[in-house]
2 protein chains.
Amino acid sequence: MGVTRSDLFTEKQNEFSKVAKVFGHPARLAILEYLLKSNSCICGDLVEELGLAQATISQHLKELKNAEIIKGNIEGTSVCYCINEEKWYEMKMIFNELFDRYPNPKDCC
Amino acid sequence: MGVTRSDLFTEKQNEFSKVAKVFGHPARLAILEYLLKSNSCICGDLVEELGLAQATISQHLKELKNAEIIKGNIEGTSVCYCINEEKWYEMKMIFNELFDRYPNPKDCC
DNA sequence: ATTAAATATTGCAATATTACGATAAATAAA
DNA sequence: TTTATTTATCGTAATATTGCAATATTTAAT
């Protein structure tokens, strides 16, 4: 066993968790924060900045791209990465939708 | 190797990713959503509701509790779980802090 | 055409996560 | 005290993730 039972959950729950999982690694957060302050960068910048191996950075970039959180534009031999604006706002929205569902006043045990 | 290089990242990044990781499984989202609508519940409710084994639910509850996202109060033979209000608002805040860091107007590649 | 530069992919080892049956622990009810 | 109820923990198997060296791929420059 040991395989996530996606069949038991809603499409929304599976989608949300997939996005959240991308935030669930400090290297990917560091990449996003670097992109937030620099607007765009190439893989090599991140290798220098973060101190992880090039292959590792590339892998994290791939996951961020798969989740559509970032976009990559080929520019010569390098790839210029930046945050995907649409997805960013969509994420902001769905996270807030969740956070705002907390009942107020609450009545806890 | 294969062990996360927490030493390379900031305390904030490591903490944030730890919280995000908890959101990164549909079962835990389902648990939180159930708690949001019912205000409180016991482990058995979730076993029925979600269809995962009791041991599995208990494990997910443990992770949610470790992350301080939920609290558990012993009531007889059962444990009443509910959302930790303080942590909930704290999470809302730190996620929004991240999302709001997106530069506008942006200048992408 | 060669060489250089940048990124992606492959292959592998280490570690972490997920799931569940079995069992333990703790309290309530009889 | 015995039994029932509820949750936690243990043990284990399957799967997923992380990291990096080595290599492949792609385009630019010479």
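The chains referred to below are lettered A, B, ... by the order of the sequence lines, with proteins before strands, and numbering in each begins at 1.
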Exercise for review: Have a look at A:Ile42 and say if it touches a base, only the backbone sugar-phosphate, or nothing, with a 4.0 Å heavy-atom cut-off.
Suggested key: sugar-phosphate

Check your understanding: So what does B:Lys65 hit on the nucleic acid, given a heavy-atom distance under 4.0 Å: a base, only sugar-phosphate, or nothing?
Key -> nothing

Exercise for review: Using a heavy-atom cut-off of under 4.0 Å over every strand shown, decide if A:Ser58 touches base, sugar-phosphate, or nothing.
Suggested key: base

**Study point:** D:dA16 OP1/OP2 closer than 4.0 Å to side-chain N/O of A:Lys21
**Key:** no

Exercise for review: Give a yes-or-no answer on whether the side chains of A:Thr10 and A:Gln13 include a donor-acceptor pair shorter than 3.5 Å.
Suggested key: yes

Check your understanding: Reckon A:Thr56 has a side-chain N or O less than 4.0 Å from the OP1 or OP2 of D:dG19?
Key -> no

Review point. Does the side chain of B:Tyr81 get closer than 4.0 angstrom to OP1 or OP2 of D:dA8 through an N or O atom?
Key: yes

Review point. How close or far is atom C1' of C:dA29 from atom CD of B:Glu75, stated in whole angstroms?
Key: 18 Å

Point to revise | Which residue lies more 5' along DNA chain D, comparing A:Ile74 with A:Arg28 via nearest heavy atoms | key: A:Arg28

Review point. Does A:His25 have a side-chain nitrogen or oxygen under 4.0 Å from the phosphate oxygens OP1 or OP2 of D:dG19?
Key: yes

Study note, to complete from the structure: All heavy atoms of B:Ala67 vs all of B:Val22, minimum pair found to be CB-CG2, 3.7 Å

Practice item. Answer yes or no: is there a donor N or O on one side and an acceptor on the other, between the side chain of A:Asn84 and the main chain of A:Ile69, under 3.5 Å? Key: no

Check your understanding: Reckon B:Ala55 touches a base, only the sugar-phosphate, or nothing at all at heavy-atom distances under 4.0 Å?
Key -> base

Review point. Starting at CD1 of A:Ile31 and ending at P of D:dT18, how long is that distance when rounded to a whole Å?
Key: 11 Å

Check your understanding: Checking all strands, does A:Glu63 fall into the base, sugar-phosphate, or nothing category for heavy-atom contacts under 4.0 angstrom?
Key -> sugar-phosphate

Exercise for review: Name the closest nucleotide to the B:Val3 side chain, picking from D:dT18, C:dA19, C:dT15.
Suggested key: C:dT15

Practice item. Calculate the interatomic distance between B:Leu46 atom CG and D:dT7 atom P; express it in whole Å. Key: 9 Å

Point to revise | Any B:Thr77 side-chain nitrogen or oxygen under 4.0 Å from OP1 or OP2 of C:dT27 | key: no

Exercise for review: Assign each of A:Gly44 and B:Gly24 to its nearest nucleotide of DNA chain C by heavy atoms, then name whichever residue's nucleotide is nearer the 5' end.
Suggested key: A:Gly44

Review point. Between B:Phe16 and B:Phe95, does the ring centre distance come in under 6.0 Å?
Key: yes

Exercise for review: Using the salt bridge (Lys or Arg N to Asp or Glu O under 4.0 Å) rule, take A:Lys87 and A:Glu90 through it: C-alpha gap first, then chi angles, then the decisive distance, then the call.
Suggested key: CA-CA 5 Å; A:Lys87 186 75 175 184; A:Glu90 182 198 316; 3.8 Å; yes

**Study point:** Side-chain N or O of B:His60 closer than 4.0 Å to phosphate OP1/OP2 of C:dA19
**Key:** yes

Exercise for review: Name the residue closer to the 5' end of DNA chain C, choosing between A:Cys41 and B:Leu52 according to the nucleotide with the nearest heavy atom.
Suggested key: A:Cys41

